[in-house]
Amino acid sequence: MELLASAKRGVASYSSSLMHSGIADFSFLLEPIFARGFSGALHLVLLLMLFVLWVVRRNKGDSSEESKERFKRRGVLLYKPTLFCCLGVCVFNIVLCLLSYFYWYRNGWSGDKLVNLSDLVLKTLAWGAVSVFLHTQFYDSGEQKFPFLLRVWWWFYLSISGYCLVIDIVQHVSLPSRCLVSDGFSVITGLFLCYVGFLNRNEGEDTFLGEPLLNGDSSVGNGVVSNKSRGAGSVTPFSNAGIFSILTFSWMGSLIALGNKKTLDLEDVPQLDSLDSVIGAFPNFRNNLESAGGVGSGVTTLKLVRALFLSVWKDILFTALLALADTVASFVGPYLIGTFVQYLNGQRDFKNEGYVLVTTFFVAKLVECQSEMHLDFRLRRIGIQIRAVLVAMIYNKGLTLSCRSKQSHTSGEIINFMTVDAARIGNFSWYLHYPWLVILQVALALFILYKNLGLASVAAFIAAVIVMLATFPLGKLQENFQDKLMKSKDKRMKATSEILRNMRILKVQGWEMKFLSRIIELRNAEIGWLKKSVYTTAMTSFVFSVAPTFVSVATFGACMLLGVPLESGKILSSLATLGILQGPIYGLPRTISMIVQTKVSLDRIASFLHLDDLQPDVIERLPRGSSDTAIEIVDGNFSWDLSTSGVTLKDVNLKVQHGMRIAVCGTVGSGKSSFLSCILGEIPKVSGTVRLCGTKAFVAQSPWIQSGKIEENILFGKGMDKERYEMVLEACSLKKDLEILSLGDQTVIGERGINLSGGQKQRIQIARALYQDADIYLFDDPFSAVDAHTGSHLFKEVLLGMLSSKTVVYITHQVEFLPAADLILVMKDGKITQAGKYNEILNSGTDFMEFVVAHNKALSALYIVEGGSLSTGVILNKEGSVSSITGNVQNEDNKDLQNGRTDDIVGPKGQLVQEEEREKGRVGFSVYWKYITTAYRGALVPFILLALIVLRLLQIGSNYWMAWATPASEEIKPLVETSTLLMVYVALAIGSSLCILASDMLLYTAGYKTATLLFNKMHHCIFRAPMSFFDATLSGRILNRASTDQSAVDLSIPDQVGVVAFLMIRLLGIIAVMSQAAWQIFIVFIPVIATTVWYQQYYISSARELARLVGVCKAPVIQNFAETISGSTTIRSFDEESRFRETNMKLIDSYSRPVFHNVGAMLWLWFRLNMLSSITFAFSLVILVSIPPGVVNPGIAGLAVTYGLSLNMLQAFVTLNLCDLENQITSVERILQYTIIPSEPPLVIETNRPAHSWPSHGEIDIHNLQVRYAPHMPLVLRGLTCTFPGGLKTGIVGRTGSGKSTLIQTLFRIVEPAAGQIIIDGVNISSIGLHDLRSRLSIIPQDPTMFEGTVRSNIDPLEEYTDEQIWEALDKCQLGDEVRKKEGKLDSPVSENGENWSMGQRQLVCLGRVLLKKSKVLVLDEATASVDTATDNLIQRTLREHFFDCTVLTIAHRITSVLDSDMVLLLNHGLIEEYDSPARLLENKSSSFAQLVQEYTTRSNSSFDH
């Protein structure tokens, strides 16, 4: 009734005043009540019109479908920002309506107030209706313009809002501040809506703007491009963004909007601007480094830092200005808190002082927000540039390293330089200005403290200095732990890289679990340092959590001693100031730690860049066609190790004319490969001269194949010449191989050519050299890896055919290839002992004669066999009867298979190596759950949360105590004694410090335990994975998880989890404190939190995929580098360094693109949340100054403002850290991917273990064996059935790709049979454990493998034998004397991949291993391919002597290696073509084996002369 009466009185007074004033008097137009009534009436009209429009549309039916179809994928201009704006007006009016209602309810009503309230209610309803209308009628519609009704209404709305604002300003004395704020807000929103409706009209374009705030850059906002070329072809919108777009990060809007609609791929991410691209930044950095004298081995840490600084000095200077503005703006709040508390207490210096204070707070927040955002963005840009140029520099250095330098740093270590050290130096950019900012912050803090507390501020300064000095010993400790941690990580990564490269040999030898235990040991050492590091960090946090208490107590204690009165305003201002000072005190240890870590990383990279390069002056290069001499060496002396007095090659003199063929031969270790290296310029020159005229091409002994298409490997950077390409394929016998492959030359080769046979790899390598059409060709024994027929074909078609007019230097162990040479060089002990034509040197010395005699001795076996002196091969069948084994052992079905095309068996066409998998969409809750419950089943999590909650309560309690217990002014008597005040404060603060210690210790304990368990599980799954996993998975992907992702799980994610939990609890605490001061503030937080959550959901889909792309794009950089290092000799020999550098830079940019845009996306969100919380803070201050004096305790209100100062930062931090956690948790997700790899069959099956003596006889029965490498690939073995008799030697021969190596892999169950079975001594090998099988068999593999370590660890990796047994084995394989010469004997070092041993010596080490093992079944997989004939004869003699009663299966391309076998198995396209004794097969002159032998003897007796 009272309310109604009040309304009547208001209307009556309004009517009478109107009547008295007269019609001609228009002064009523300036009356606020008229303006509010007019505004309410207009909103009522709008409501009615919207209702009518809705009814009309409903009756007409849904006619918008046609429009939607016609304008599919086209949307209203700025639809989402408009909807957001309308919702914002609605929410704002709801809040204002509720505040006004409750305030007037408590303080009485009037007619003016009722009209105001009606206006607010009608505004709320009208704008709510507009929002609903927009969403229902125009969401995803085809309309290109907003309706005429809405656009007219927005113009009216702006006009009436401006009108009301003018009245507010004119009548500001009598009007409450709420009206001014309301009308100001209305004018701003009205301007935006008019801009949308009338000015921003690009009608002809498809428009897409999904970001929820105004996009100031039309070039970004207008036009959605979702095709594949979008990212690949367009430069980042940042490069041409307008000033408004840069300030608000709106240039990121289009990408975030696209990510909100679809899963982002790399093609969607735009290219970098030239300034941010490594292609643009690296030349500048290199020039700066060169100008500082940092060329080659002249690089020092200081020169490196100087070059990095000069590359980005402008950005550093600009960010310094931003940092200065940010720091000064952050101190405005603490400076004004005392004044604000006095204002709330009733002490007012001038009119509207409260609003001036609010405006100052708000402007300072805006300046702080802008400067902080752009400071962070610019610093991260600097970090991206620095990381990119360092990675490029490390890569370029890897291309030029000398052999000795390469041995001092393995590829695993260098990968760590790229993945960890370069990234750490880049990350240091965030801390770049911290050292001088600390000084500035301390100075500003002391100024404010001096203003509030006088001389007591000196105590604060001394206490702060003491605390900061305490950081130095902690920093030194951290440096030591970090250095040790990085070194242990290097060792582990080095070992992991080597193991992954040689996983196939580990599998067949049954060593994988032993090597896994080595990795675990290295990891345990790393974990030891990790524990020390994280626990030191926890103790450091504890010390620095005590620090603010120490400084506060020292300050307030000095006040007590000096008699400075403690008032709530001064206390709160001081606490806010000390709170800001807490930042540098907290951050100083982290900064010192980062400085230390960065220095360690800079030292490591500088020491790597300081390593010796290849000597640039080894070779004098003459212009093409300028000389008749192609190669000339005069008095050449060369040594791999210049630090020793001995030389590798002595007194080399050689002159080669263009078009000559030079053959190089000699025994194992005689220096043949080193001789080619001196022509290539790879071996350091001691003295002499080397001249080269023309371009060169090189074919290495160990094939180097890039992962990529076969065509790309052959072209090797040159353009396609189809005619020459076809000629090369024909000459290298590759056409048949390509026909078998489902995708032909477009087939992607796995890492190191893993899905090709040895012969195929070698022929692709020869094809690569041929296609280059060089002047000089260098071949390092390329024919050893192919069979006799293919070798003959290659020699004829390549050396005598396509290269007949070229200069060719070739190393060979096959004597039959020597007569065709114009000059033969015989090498021994690093010297050319004989040189001349074949017939000239045959009788002129003993070295060549020995070589030829060994060959003839091997050939003599052929003639004996052909003479039929060997007995016919027979075996006993199961029934005990004797049967002859003929060639026709295949059934009719197999004949059909053989006659049919291979393509008929091919499954779905597909590549072996696929793109790296990545999860898409939200990171599943299961990932978080697995992470937090991995350690102790999550038992520590509740205790961590409890410690954090208690910590926050104690922190709030201590500040609340100070605000409550101190008087607002000197006139008011304190509630407690000063000593009691300080004692309670200290007790609460120490309690909070202990909670920090407890939470950190628990968090780090759970963190490192989780990291350990995930590491062990992932590595166990990787080591137990089938070989097909390694064939299809590039090692860079595994190394990326073992390095980058594991580092994140070790250090980053535990910190991130703790930070997120603490920040959320802290935010809830601030909301509670601010709401307690004025409950109306709580209402404001409801829409703010809702908006924040919406923003986070809108942003996270793009951010998540960008983070995943960062992880996926890092692996190719690592992979490319690992391949480059292993093939650096080949790359240099083709002079392709510049192309590989360019490729590396493109890969670096492909990685930097998602990183850069991820940063942009994060700051896009951060800016919007900062603005939102700044407005919230300002709104809260308006509420506080609007409340009459005495209603709110000034001290508590001041405390709310103190906490509110950090609100914008905290609210943004909570959301960003939540998103950052989701981005980082992808590291856990990627590790978990590798914990569910399908495993090989069990290593041991306890219920079916073979006898200890198994196999005792060694008989191998094969029944209908069918094998394919993957379900979608063709059968490689197509139904083999045969028996290898126990104790006999069986030779397995066949053309390249016939299935020889596949049969051996199936025997070791590297590949599981698709059908059929293999039985050894009555035991089906598929029924027993893999370890039981592989440990009972022995193999000398095709690629001789040695691991970094010692001679002892290489010959006896499982540490099962005594030194005496090892020496005995070394003597048997003719390596004993070689090892005794070395200083360390059995402990002599072996470098990575055994590079300080020749290929032949490595093969002899593999022989030594099987001599130690003494298995009943021995497999030789082209074991003598890399050795000369004499060494081959030695190996064969050793095997005959020590394995006379064993089953020996020999795959060989040299026919002489299988001629003394009891049986010969000839395979052709995965089928048995012939299987009998060599003598019987040779009796039939039409047999394939006889033809193979005939080819070999013809080739051996032929001179291949031209």
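The figures that follow rest on heavy atoms only: side chains count, while hydrogens, waters and symmetry mates do not.
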Could you give the distance from OH (Tyr1234) to CG (Asp1045), rounded to the nearest 0.5 Å?
10.0 Å
Are any side-chain N or O atoms of Asp745 and backbone N or O atoms of Glu711, one a donor and one an acceptor, separated by less than 3.5 Å?
no
Are the side chains of Met493 and Val420 in contact, using a 4.5 Å heavy-atom criterion?
no
Quick one: CG on Leu375 to CZ on Arg380, what's the gap to the nearest 0.5 Å?
10.5 Å
Any idea which heavy atoms bring Ala392 and Val278 closest together, and the distance?
CB-CG2, 4.0 Å
What heavy-atom pair brings Val927 and Val1228 nearest, and what distance separates the two atoms?
CG1-CG1, 4.0 Å
For Lys718, look at atom NZ and say whether over 12 heavy atoms of other residues, nucleotides or ligands are found less than 6.0 Å away.
yes
If you take all heavy atoms of Ser1133 and Phe698, which pair is closest and at what distance?
OG-CB, 3.2 Å
May I have the step-by-step check of side-chain contact (heavy atoms from CB on, under 4.5 Å) for Ser1152 and Leu272, ending in yes or no?
CA-CA 8 Å; Ser1152 297; Leu272 294 175; 3.6 Å; yes
Main-chain N/O of Lys397 paired with Thr400 side-chain donor or acceptor, under 3.5 Å:
yes
Backbone N/O of Ile1118 and side chain of Glu1123: donor-acceptor pair under 3.5 Å:
no
Give the ring-plane orientation class for Phe417 versus Phe608, where under 30° counts as parallel, over 60° as perpendicular and anything between as tilted.
tilted
Spell out, as yes or no, whether a donor-acceptor pair under 3.5 Å connects the side chain of Thr300 to the backbone of Lys303.
yes
Could you go through Ser1227 and Thr1044, starting from their C-alpha distance and side-chain angles, then the distance that decides it, and tell me whether this counts as side-chain contact (heavy atoms from CB on, under 4.5 Å)?
CA-CA 8 Å; Ser1227 289; Thr1044 309; over 6 Å; no
Quick one: pull up CH2 in Trp704 and CG in Asn713 and give me the separation to the nearest 0.5 Å.
7.5 Å
Would you find a donor on one side and an acceptor on the other, under 3.5 Å apart, between the side chain of Tyr771 and the backbone of Asp721?
yes
Phe1121 to Ile394 - nearest heavy-atom pair and separation
CE1-O, 4.2 Å
Is the Phe428-Tyr434 ring centre distance short of 6.0 angstrom?
no
One should read off an interatomic distance between Ser1043 OG and Ile1038 CD1, to the nearest 0.5 angstrom, of 13.5 Å
Nearest atoms (heavy-atom pairs only) where Val1110 meets Tyr1151:
O-CE1, 3.3 Å
Heavy-atom side-chain proximity of Leu322 to Phe377 below 4.5 angstrom:
no
Have Asp1149 and Ser277 got a donor and an acceptor in their side chains that come within less than 3.5 Å?
yes
Quick one: does Tyr431's side chain get under 4.5 Å of Ile595's, heavy atoms only?
no
For a quick check under 3.5 Å, do Thr301 and Asp603 share a side-chain donor-acceptor pair by atom type?
yes
Do Val389 and Gln385 have side chains that approach each other closer than 4.5 Å (heavy atoms only, starting at C-beta)?
no
Can you confirm whether Val1112 sits close enough to Arg1230 that some side-chain heavy atom of one is under 4.5 Å from a side-chain heavy atom of the other?
yes
Under 3.5 Å, is there a donor-acceptor pair linking the side chains of Arg501 and Ser497?
yes
Verify, without hydrogens or angle tests, whether Trp251 (side chain) and Ser239 (backbone) share a donor-acceptor contact under 3.5 angstrom.
no
Less than 4.5 Å apart, side chain to side chain, heavy atoms only: is that true for Met252 and Phe238?
no
Identify the heavy atoms of Ile1148 and Val391 that sit nearest to each other, and give their distance.
CD1-CG1, 3.6 Å
Of all residues at least two apart in sequence or in a different chain, which pass the salt bridge (Lys or Arg N to Asp or Glu O under 4.0 Å) check with Asp276?
Arg381
Value rounded to 0.5 Å, distance of CD1 in Ile1125 from CG in Asn1120:
10.5 Å
Would you mind telling me which of Thr1124, Asn1144, Thr1143 makes a side-chain hydrogen bond (donor to acceptor under 3.5 Å, both in side chains) with Tyr395?
Thr1124
Main-chain N/O of Arg1153 paired with His1157 side-chain donor or acceptor, under 3.5 Å:
yes
The single option from His433, Arg378, His374 passing side-chain hydrogen bond (donor to acceptor under 3.5 Å, both in side chains) against Thr319:
His433
Checking the side chain of Ser601 only, and the main-chain atoms of Thr598 only, is there a donor and an acceptor separated by less than 3.5 Å?
no
Heavy-atom side-chain contact between Arg1037 and Gln1233 under 4.5 Å:
no
Under the salt bridge (Lys or Arg N to Asp or Glu O under 4.0 Å) criterion, do Lys494 and Asp490 qualify, and how do the steps go?
CA-CA 6 Å; Lys494 181 166 68 175; Asp490 281 346; over 6 Å; no
Determine, stepwise, if the pair Glu1105 / Asp268 fulfils side-chain contact (heavy atoms from CB on, under 4.5 Å).
CA-CA 11 Å; Glu1105 298 311 321; Asp268 299 313; over 6 Å; no
For the side chain of Asp376 and the backbone of Glu372, is there at least one donor-acceptor N/O pair under 3.5 Å apart?
no
If you count heavy atoms of other groups shown closer than 6.0 angstrom to CG of Leu247, is the number above 12?
yes
side-chain hydrogen bond (donor to acceptor under 3.5 Å, both in side chains) partners for Arg1141, two or more places apart
none
Can you tell if the side chain of Leu614 reaches within under 4.5 Å of the side chain of Arg1132, non-hydrogen atoms only?
yes
One pair to check against side-chain contact (heavy atoms from CB on, under 4.5 Å): Gln706 and Arg768. What are the steps and the verdict?
CA-CA 11 Å; Gln706 280 186 281; Arg768 175 174 62 207; 5.7 Å; no
Counting only N and O atoms by type, is there a donor-acceptor contact under 3.5 Å from the side chain of Gln765 to the main-chain atoms of Ile705?
no
Which of parallel (below 30°), tilted (30 to 60°) and perpendicular (above 60°) describes Phe1140 and Phe716?
tilted
Return the CE to CH2 distance between Met373 and Trp1166, rounded to the nearest 0.5 Å.
4.5 Å
For residues 311-318, dump all side-chain donor-acceptor pairs below 3.5 Å to protein atoms at least two apart in sequence or in another chain.
| from | atom 1 | to | atom 2 | distance (Å) |
| --- | --- | --- | --- | --- |
| Ser311 | OG | Asn288 | ND2 | 3.2 |
| Ser311 | OG | Ala307 | O | 2.7 |

